[in-house]
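Single-structure report; data block below.
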Amino acid sequence: MASNFISEPTDAACIATIRTLAADVVAKANSGHPGAPMGLAPAAHVLFTRFFNANPTNPKWFNRDRFVLSNGHACALQYIILHLLGYKLSMDDLKAFRQIDSLTPGHPEANHTDGIEVTTGPLGQGFANGVGLAIAQTHLGAVYNRENFDLINNYTYVFTGDGCLMEGVSSEAASLAGHLNLGNLIVIYDDNHISIDGDTAVAFTEDVERRFLAYDWQVLRVDNGDNDFAAIHHAIATAREEKGKPTIICLRTTIGYGSKQQGTHGVHGSPLKADDIQALKSKSGFPPDQSFYVPKETYAAYQAVALRGAQLEAAWKLLFANYANVYPKEHAELTRRIAGKLPDGWEKRLPVYKPTDPAQASRKLSEITLSALYPVLPELLGGSADLTGSNLTRVKGSVDFQPPNTGLGDYRGRYIRYGVREHGMGAIANGLSAYGAIIPYVGTFLNFVSYAAGAVRLSALSKHQVIWVATHDSIGLGEDGPTHQPIETAAHLRAIPNLDFWRPADGNETSAAYLVALESKTTPSVISLSRQNLPNLEGSTIERAARGGYVLYDVEGEDLTIVSSGSEVAIALEAASKLKAEGINVRIVSLPCWSVFDKQDKEYRLSVLRSGAPILSLEALSTLGWHKYSHEQFGLDGWGASGPYTKVYEKFGITGKNIASVGKRVIAFYKQKGGEVVSPLVKAL
């Protein structure tokens with residue numbers, strides 16, 4: 001694209017429209033951030049009218065450019081642009097900004113408002129999501145593009161701010177993006193020197209340009225982002241021409257430009273006063289007493305942009321149809337992946353185990369599962385945060401996703417070396433999922449998923465299908481000790497809405513975890529896996545485990561039910577065997593995934609955790625949350641310990657012998673108490 005900018009008579013009016021609408025939107029809600037939208041109005045206008053390729057009538061056109069508003073407090077800007085372009089966002093929606101059930105929530109939310117690619121708000125997340133979106137395009141383009149068929153070639157544009165660049169997650173993502181030579185990623189940095197606490201001089205004085213040069217980015221600068229439309233245009237055009245590096249455009253702006261408080265933190269997070277808004281409109285030549293005013297020429301300018309987008313998609317559809325004639329196999333596969341459908345019969349590749357099969361660590365069982373699925377699910381794009389040999393996430397014979405000139409792999413590769421960047425990895429995976437046609441899985445120790453908690457939370461909120469392979473999942477990891485033993489992590493993850501936390505007890509349960517995770521298109525999953533070997537259990541099947549909980553060992557007239565998960569299920573079975581020898585009947589329930597079990601019908605759940613006898617939970621983690629499923633809980637309410645895992649289990653009493661003893665005390669207590677023993681689920685339901 002040529003970098004010479006031809007100013008149209010409507011440009012000034014369009015930019016003034018964005019600024020005055022931003023003031024009106026925030027004032028009507030009496031809440032929000034008018035300053036950044038007003039300062040970024042010229043950049044947004046130039047980007048969306050001169051460069052951005054999208055079709056508002058089909059927001060999911062696959063080869064659209066992706067836009068991420070990383071500084072989500074500027075969300076009024078994005079809503080205004082979407083409205084002007086003709087997305088399903090009316091003027092009434094703008095007036096309902098930050099109201100319950102509106103299409104214009106307090107920060108952009110994916111799968112809620114058309115045109116919003118990812119959920120932002122927590123600063124820095126969107127920046128890393130943008131890296132994921134750029135990786136996705138690079139990978140899919142390398143896999144499916146052919147000579148004369150440049151099918152997947154979109155750009156990812158990110159608006160970011162000082163706050164985003166202060167957050168560590170942006171540093172992690174930027175470092176990896178530079179290493180990967182992502183020339184399709186263009187970040188526009190709103191360099192306005194203002195955060196909520198005031199001037200950034202109080203806390204953020206680093207040289208951002210040199211920082212990104214060190215990351216091996218192209219760094220461009222626009223000194224007057226308030227009025228120099230030609231310079232903004234030139235910078236974006238120059239960024240698009242650089243194919244071997246991501247670009248950051250340092251755009252010097254004035255926050256709240258046009259307001260009486262411009263350039264101060266007073267315009268950052270508070271509505272403008274009425275007289276200030278009127279003065280702003282008067283300076284723009286707009287009726288000062290008219291709210292939500294949009295000149296006809298502004299709508300006309302953006303309607304022309306929308307028409308261009310529709311024409312671009314029509315041309316792309318024709319190209320894709322011709323692609324089908326030349327490359328029918330690739331066309332069918334890409335069509336299936338874009339639709340989010342898994343290939344017929346893929347689940348038949350899931351490994352099935354018998355009790356006579358050798359005991360193995362569930363992290364190894366996970367590797368076996370991934371190895372079986374990898375050839376039939378090309379959408380699987382894996383990676384690990386520098387723990388590949390421990391997580392066992394790299395399938396033998398796979399190729400790394402790397403710049404071809406490094407000799408370390410190529411862009412067709414399906415394994416990403418994230419480095420020690422758990423938080424960045426999680427947020428990048430959200431971007432990969434948001435792009436479409438990719439199911440990302442990422443690996444680290446369960447304890448270190450906590451480093452990525454912000455990204456995991458947004459994954460669940462945004463309905464991104466991201467699979468975490470989280471190994472070394474309890475005190476069973478042994479010698480690494482309390483610093484690595486995730487006592488509290490499971491409780492945290494189980495508490496996150498729309499997140500499936502799996503803790504499989506054997507091979508069939510591991511296969512079940514992958515079955516459900518891969519079929520759950522709008523739910524992320526964390527699969528918690530052991531370092532130590534686990535036996536394959538009599539009574540476990542993929543079908544039963546896929547319900548989240550089931551009766552592993554049943555008896556009639558039980559004296560006790562023990563419910564457990566993961567590596568402790570075998571210990572519960574050992575305790576039941578010891579008690580059986582004493583004439584005490586014990587049922588064993590395996591509960592590998594609480595959230596999936598909770599979705600089963602009431603009758604099924606009450607048949608698994610039935611009334612009539614006390615229920616004891618057992619897990620080598622915090623007992624928090626188990627009261628919902630059990631009368632009594634046995635686990636850890638403090639930190640773990642260093643040592644061989646068998647010795648650590650003995651120290652904390654998690655052995656078949658001790659659990660049998662605890663079980664007898666529980667039985668005695670409830671017999672002495674008298675009365676019917678009602679399942680805790682009855683009260684919960």
Side-chain angles (χ1 to χ4, degrees), residues 10-49 67 69-84 94-95 97-98 104 106-108 159-164 188-196 198-200 222-229 231-232 249 251-288 290-295 298 302:
T10 56
D11 285 330
C14 289
I15 292 167
T17 301
I18 296 169
R19 285 173 169 152
T20 56
L21 279 178
D24 281 339
V25 164
V26 175
K28 176 72 164 55
N30 196 30
S31 172
H33 303 264
M38 294 169 70
L40 281 169
H45 174 69
V46 171
L47 172 63
F48 280 94
T49 60
F67 175 75
L69 190 70
S70 184
N71 46 338
H73 51 256
C75 57
L77 172 68
Q78 191 166 11
Y79 296 147
I80 290 165
I81 294 292
L82 293 175
H83 167 72
L84 294 176
L94 291 183
K95 293 177 181 178
F97 178 55
R98 293 196 162 200
T104 50
H107 292 90
F159 277 13
T160 196
D162 293 301
C164 295
I188 297 179
Y189 162 39
D190 181 19
D191 182 13
N192 63 35
H193 288 202
I194 295 294
S195 65
I196 290 176
D199 194 294
T200 53
V222 176
D223 290 318
N224 180 6
D226 299 325
N227 297 295
D228 195 344
F229 311 151
I232 295 170
I249 301 171
L251 184 74
R252 190 71 175 92
T253 67
T254 303
I255 192 170
Y257 185 84
S259 164
K260 296 177 182 179
Q261 297 187 78
Q262 70 176 39
T264 72
H265 77 280
V267 76
H268 182 288
S270 300
L272 273 60
K273 292 182 169 53
D275 65 325
D276 196 357
I277 296 175
Q278 290 178 348
L280 174 67
K281 292 178 179 178
S282 294
K283 283 188 287 185
S284 304
F286 293 174
Q290 187 171 339
S291 296
F292 296 93
Y293 174 74
V294 179
T298 297
Y302 278 85

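Computation of the quantities below employed the complete heavy-atom set of this structure, encompassing side-chain atoms and omitting hydrogens, waters and symmetry-equivalent molecules.
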query = Do you know which two heavy atoms are closest between Pro271 and Ser31, and how far apart they sit?
reply = CG-N, 3.8 Å
query = Between the main-chain N or O of Phe286 and the side-chain N or O of Ser284, is there a donor-acceptor pair closer than 3.5 Å?
reply = no
query = Which of these, Lys281, Lys95, Gln290, sits in a side-chain hydrogen bond (donor to acceptor under 3.5 Å, both in side chains) with Asp24?
reply = Lys281
request  = Measure the shortest side-chain to side-chain distance between Leu84 and Thr298 over non-hydrogen atoms and say whether it is less than 4.5 angstrom.
outcome  = yes
ask   = Counting only N and O atoms by type, is there a donor-acceptor contact under 3.5 Å from the side chain of Arg19 to the main-chain atoms of Met38?
value = yes
inquiry  = Distance alone, cut at 3.5 Å: any donor-acceptor contact between the side chains of Tyr257 and Asn227?
reply    = yes
ask   = Does Val25 reach the side chain of Tyr79, with side-chain heavy atoms less than 4.5 Å apart?
value = no
ask   = So, the side chain of Asp226 versus the backbone of Thr254: is there a donor-acceptor pair under 3.5 Å, distance only?
value = yes
ask   = Side chains of Leu272 and Val26: does their closest heavy-atom pair fall under 4.5 Å?
value = no
task = Determine the minimum heavy-atom distance between Ile80 and Leu94, stating which atoms define it.
result = N-CD2, 4.2 Å
task = For side-chain contact (heavy atoms from CB on, under 4.5 Å), just list the numbers for Phe67 and Ile81, CA-CA rounded to whole Å, side-chain angles, deciding distance to a tenth of an Å, and then say yes or no.
result = CA-CA 11 Å; Phe67 175 75; Ile81 294 292; over 6 Å; no
key: Gly161 backbone acceptor or donor facing Asp190 side chain under 3.5 Å   = no
ask   = Of the options Ile249, Asp162, Asn71, Leu251, which is the one that meets Tyr189 in a side chain to side chain contact (heavy atoms under 4.5 Å, CB included)?
value = Asp162
request  = Give a yes or no on whether the backbone of Ser259 and the side-chain of Asp276 come within a donor-acceptor separation of less than 3.5 Å.
outcome  = no
inquiry  = Quick check: do Gln278 and Lys283 have side-chain heavy atoms less than 4.5 Å from each other?
reply    = no
message = Tell me whether the NZ or CZ atom of Lys28 lies within the 45° cone about the ring axis of Phe292 and under 6.0 Å from its centre.
response = no
request  = Provide the closest heavy-atom pair for Ala36 versus Ile255 in the form atom of the first, atom of the second, distance.
outcome  = N-CG1, 3.8 Å
remark   = Between Pro108 and Gly72 the two heavy atoms that sit nearest each other are CD-O, 3.6 Å
inquiry  = Heavy-atom count check: over 12 atoms from other residues, nucleotides or ligands less than 6.0 Å from Lys273 NZ?
reply    = no
remark   = All heavy atoms of Leu77 vs all of Pro37, minimum pair found to be CB-CB, 3.7 Å
task = Would you indicate whether the side-chain heavy atoms of Ile15 and Phe229 approach each other to under 4.5 Å?
result = yes
ask   = Out of curiosity, Thr200 OG1 to Ile194 CD1, how far, rounded to the nearest 0.5 Å?
value = 7.0 Å
ask   = Is the side chain of Thr20 donor-acceptor paired with the backbone N or O of Thr17 at a distance under 3.5 Å, no angle test?
value = yes
Smallest separation among heavy atoms of Gly225 and Ile232, with atom names = O-CD1, 3.8 Å
inquiry  = Applying ring-ring contact (aromatic ring centres under 6.0 Å, His included) as the test, list every pair that has at least one member in residues 13-38; sequence neighbours left out.
reply    = His33-His73, His33-His268
task = For residues Gln262 and Thr264, determine if any side-chain heavy atom of one lies less than 4.5 Å from a side-chain heavy atom of the other.
result = no
ask   = What distance separates Leu21 CG from Ser291 OG, expressed to the nearest 0.5 Å?
value = 10.0 Å
